[in-house]
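For this chain, numbers begin at 1 and follow the sequence in order.
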Amino acid sequence: MNGLLEAEEQDQRPEQELTGSWGHGPRSTLVRAKTMAPPPPPLAASTPLLHGEFGSYPARGPRFALTLTSQALHIQRLRPKPEARPRGGLVPLAEVSGCCTLRSRSPSDSAAYFCIYTYPRGRRGSRRRTTRTFRTDGAATYEENRAEAQRWATALTCLLRGLPLPGDGEITPDLLPRPPRLLLLVNPFGGRGLAWQWCKNYVLPMISEAGLSFNLIQTERQNHARELVQGLSLSEWDGIVTVSGDGLLHEVLNGLLDRPDWEEAVKMPVGILPCGSGNALAGAVNQRGGFEPALGLELLLNCSLLLCRGGGHPLDLLSVTLASGSRCFSFLSVAWGFVSDVDIQSERFRALGSARFTLGTVLGLATLHTYRGRLSYLPATVEPASPTPAHSLPRAKSELTLTPDPAPPMAHSPLHRSVSDLPLPLPQPALASPGSPEPLPILSLNGGGPELAGDWGGAGDAPLSPDPLLSSPPGSPKAGLHSPVAEGAPVIPPSSGLPTPTPDARVAASTCGLPDHLLPPLGTPLPPDWVTLEGDFVLLLAISPSHLGADLVAAPHARFDDGLVHLCWVRSGISRAALLRLFLAMERGSQFSLGCPQLGYAAARAFRLEPLTPRGVLTVDGEQVEYGPLQAQMHPGLGTLLTGPPGCPGREP
C-alpha cells in the first residue's frame with residue numbers, strides 16, 4: 001500500500017519549489033497549441049481514477065485513504081480513528097498549481113513521496129499557499145515506492161493540464177509531454193511599483209510548482225516589449241506572458257503583428273498576469289475560469305492558477321485605422337468621451353493603483369462633458385445571446401436611421417535584464433527544521449528543487465529532497481548561467497542609452513499587411529448595409545471582451561472569440577446620478593436591465609467613429625491615440641489567449 005504525509009504550510013510566500021527543465025525546439029503552431037491546450041478527457045467528476053492507502057511523515061502518524069478523480073483529490077483518515085467529517089479532506093484541482101516527487105535523504109528510508117501545492121481560500125476569502133506531501137511506503141524497495149509516487153504525480157499532472165489518461169494502460173512519466181517554455185515580460189513599475197515584488201513572491205514560485213519553464217525579462221521603457229517580440233525567435237517559445245496591466249499586452253500583440261512573419265507570429269499564445277492598474281482582460285479571464293470577481297493579489301493568484309493549468313483560446317483582435325492612416329490592433333476597447341477622459345486624466349493619480357479610476361470617475365462626473373459625433377457600424381448578422389434575462393439589451397436599430405509589402409524588422413535592443421529558471425536563485429533566509437542540528441540550504445527556484453523543511457516533522461526525521469529523476473527529465477539541457485534576480489526593482493542606468501519614456505508617448509503604428517476587407521477608406525461613403533446615428537454623446541465604447549476593468553463588466557454576454565465588437569453608448573441628457581448608477585451596475589454586469597433611455601447597444605463587425613467636436617480624447621486599449629475620425633474591423637480568432645480551462649470546477653460560493 002501507499003503512505004501519505006499531510007502537511008500544511010500557511011506562509012504566503014512559497015518556501016518549496018520544484019520544476020523540471022526540458023528541451024525545446026522549433027515546433028509548428030499546431031503542435032504548440034496542442035501542447036498548451038489538449039482537450040480534456042470526458043470523465044465523470046466522481047469517477048475514481050486512483051485509490052490507495054497512505055501513511056504519514058513521520059511514520060508514526062495516522063494513515064489516510066486517497067482517491068483521485070478528474071475534479072478533486074479526496075483525503076480520508078483511516079487510523080487511529082476514521083474521521084466522520086474529514087477536515088480539509090477535499091482538494092479541488094482548480095486550487096492546485098502543481099506537484100513533484102521527493103525522496104528522503106536518509107539511506108535507510110525506502111519510502112518515496114510526492115508533494116502537491118494548493119491555494120485554497122481561507123476564512124476571510126483570501127488564498128493561502130498550502131503544501132500536502134504524500135508518503136508512499138507500501139513496497140519493500142525504494143524503486144517500487146518511487147514508481148507508485150510517480151504514478152500519482154503523473155496522473156495528477158495529466159489532469160491539471162487536460163491530458164488524457166490511458167484507460168487500462170500504465171500511468172508513467174512518459175505520458176507527459178515536454179512542458180511549455182514561457183517568456184515572461186514584467187513591467188517592474190506597474191501596479192504602484194508592486195508588479196516586480198508580486199512577480200517574485202507569487203508568480204515565479206507558482207509557475208515553478210507547476211513545472212513550467214520560463215525566462216523573464218523586465219521591460220525598461222514604453223514600447224520595449226514591442227521591440228523585443230519583433231526580434232524573438234518564436235520557435236523557441238510556447239507562449240508569451242505579460243506580468244503587468246493591459247498596456248504591456250497591447251505592445252506584445254502589436255509587436256507580433258509588425259513582424260514580416262506576422263501570419264504565423266500572431267498565433268503565438270499570449271497570456272496576462274494582472275499587476276497593473278488596468279486589468280480588464282484579466283477580469284474576463286478570471287470570469288471565464290469560473291472564479292468569483294477579484295481584485296489585486298487575489299486576481300493575480302486566480303489568473304496564475306489558470307495559467308498553470310494551460311489551455312489556449314482564440315482571441316478576436318480589432319484593427320483600428322486612425323485619421324492619419326496609421327493602424328494599430330486592439331484586444332480590449334476603443335473609447336471616446338467619459339471613459340477615455342477618465343482613463344487619461346487619471347494618469348496623474350497612477351500612484352493610487354486601480355483607485356485612480358474611482359477618483360477619476362468622481363472628478364469626471366463633476367465636470368461632465370458631452371461630445372457631438374457620428375457613429376456608423378456594420379451590424380452583426382447574428383445577435384449575441386444574453387447570458388440571463390436580467391441582461392436584456394436595448395434594440396439599437398429602433399433609434400437609428402439608415403444612411404444612403406511588410407516592413408523590414410525594426411532594429412531592437414538585445415534582451416535586457418533576462419533571468420531564467422535554470423537556475424533562478426531567490427534570496428531567502430536559511431530555514432531550519434525543528435529537529436535539525438543545522439539549517440537547511442537556501443531554497444532555489446527550479447535549479448535544485450526544494451528541500452522540505454520539517455516544520456511538521458519530529459526530531460530524528462530525515463528531511464526530504466527532490467527525486468533526481470523527476471527534477472531533470474530525460475533529454476533536458478544542462479542549466480546554464482543566468483543573471484540572478486535582484487532583490488529590488490531595477491533602475492535604468494543613465495548610461496544605458498535607452499530613451500526615457502515621455503508623457504506624450506503614443507501608440508505606435510502597425511505595419512501589418514492584414515487587409516480590412518469590410519472597411520472602405522476613411523472619408524469615403526459607407527455601404528448601404530451600414531447603420532448610422534448622429535448626436536450628442538456622453539460616452540462611446542467599442543469593446544471586445546466582457547470586461548472594461550477587473551470589476552467592470554461592460555458587455556456581460558461577450559466572449560473572447562465571438563467575432564463581434566460590442567458598441568455601447570450613452571447619449572446626452574443623462575443625469576450625473578443616473579450615469580453613476582450605470583457604472584455601479586456595471587460591477588455586476590446588470591446596467592442594461594436598468595432601463596436607462598440614454599443607454600444604447602449594438603453588436604457589430606466593423607464601425608466608424610467621426611467626432612464632430614473639435615477637441616477630445618480617444619483611447620485604444622487605454623492608450624491615447626490621435627484625435628479625429630477612426631474606423632475599425634474585427635478579425636475573429638486572429639490571436640490565441642492563454643486562459644486556462646473554462647469554468648474551473650472549484651468555483652467559490
Side-chain angles (χ1 to χ4, degrees), residues 1-10 16 40-41 43-104 109-123 127-140 144-160 165 171 209 305 309 452 454-458 461 464 648-653:
M1 304 300 291
N2 305 331
L4 166 98
L5 158 69
E6 177 182 319
E8 295 192 355
E9 173 190 16
Q10 295 295 342
Q16 306 165 24
L43 294 174
S46 59
T47 302
L49 302 175
L50 290 178
H51 181 78
E53 181 179 332
F54 295 77
S56 295
Y57 175 82
R60 59 182 176 273
R63 297 192 70 82
F64 299 86
L66 261 67
T67 303
L68 180 64
T69 71
S70 63
Q71 305 294 345
L73 179 68
H74 302 260
I75 305 172
Q76 183 179 13
R77 190 175 70 185
L78 298 177
R79 294 194 298 270
K81 182 174 68 173
E83 294 176 293
R85 295 183 179 180
R87 185 174 63 90
L90 179 66
V91 182
L93 298 192
E95 297 177 349
V96 178
S97 61
C99 62
C100 65
T101 59
L102 306 161
R103 69 174 301 175
S104 172
D109 188 356
S110 62
Y113 306 80
F114 79 95
C115 177
I116 67 170
Y117 304 95
T118 68
Y119 291 79
R121 285 192 175 277
R123 293 181 178 178
R127 294 194 182 277
R128 300 291 295 269
R129 181 180 185 270
T130 300
T131 63
R132 295 174 181 265
T133 304
F134 301 80
R135 170 184 168 99
T136 308
D137 59 357
E144 293 175 289
N145 289 325
R146 180 187 61 185
E148 182 66 10
Q150 289 179 345
R151 190 166 75 102
W152 278 78
T154 299
L156 181 58
T157 301
C158 286
L159 293 176
L160 291 175
L165 288 171
I171 300 177
E209 294 160 4
L305 280 172
R309 299 287 298 274
L452 294 188
D455 299 333
W456 9 257
D461 294 313
L464 307 177
C648 272
R651 185 178 180 94
E652 301 91 345

Note to self: For F114 together with F134, are the ring centres under 6.0 Å from each other?
What the structure shows: yes
Test your reading of the model: is there a side-chain donor-acceptor pair from [X] to the backbone of [Y], 3.5 Å cut-off?
| X | Y | value |
| --- | --- | --- |
| T118 | T130 | yes |
| N145 | A139 | yes |
| R127 | Y119 | yes |

Next item on the list: Could you list the residues that satisfy side-chain contact (heavy atoms from CB on, under 4.5 Å) with A65, not counting sequence neighbours?
Entry: H51, L78
Check: Who pairs with T157 by side-chain contact (heavy atoms from CB on, under 4.5 Å), at least two apart in sequence or on another chain?
Finding: C99, R161, L176
Find the distance between [atom1] ([X]) and [atom2] ([Y]) and round it off to the nearest 0.5 Å.
| X | Y | atom1 | atom2 | answer |
| --- | --- | --- | --- | --- |
| T67 | Q76 | OG1 | CD | 8.0 Å |
| E95 | L90 | CD | CG | 8.5 Å |
| I75 | R132 | CD1 | CZ | 4.0 Å |
| L93 | L160 | CG | CG | 5.5 Å |
| L68 | W152 | CG | CH2 | 6.0 Å |

Next item on the list: Report yes or no: do T136 and E148 form a side-chain donor-acceptor pair below 3.5 Å?
Entry: no
Checklist line | Under the side-chain hydrogen bond (donor to acceptor under 3.5 Å, both in side chains) test, residues paired with T154 that sit two or more places apart | finding: none
Note to self: For a 4.5 angstrom cut-off between non-hydrogen side-chain atoms, does R146 reach T101?
What the structure shows: no
Margin query: Could you tell me if the side chain of S97 sits less than 4.5 Å from the side chain of L305, heavy atoms only?
Written below: yes
Next item on the list: Can you spot which of I171, L159, L156 makes a side chain to side chain contact (heavy atoms under 4.5 Å, CB included) with L49?
Entry: L159
Item checked: Minimum-distance pair of heavy atoms, taken over all atoms of A149 and Y113 -> CB-O, 4.0 Å
Note to self: For V96 versus R309, what's the shortest heavy-atom pair and its separation?
What the structure shows: O-CD, 4.4 Å
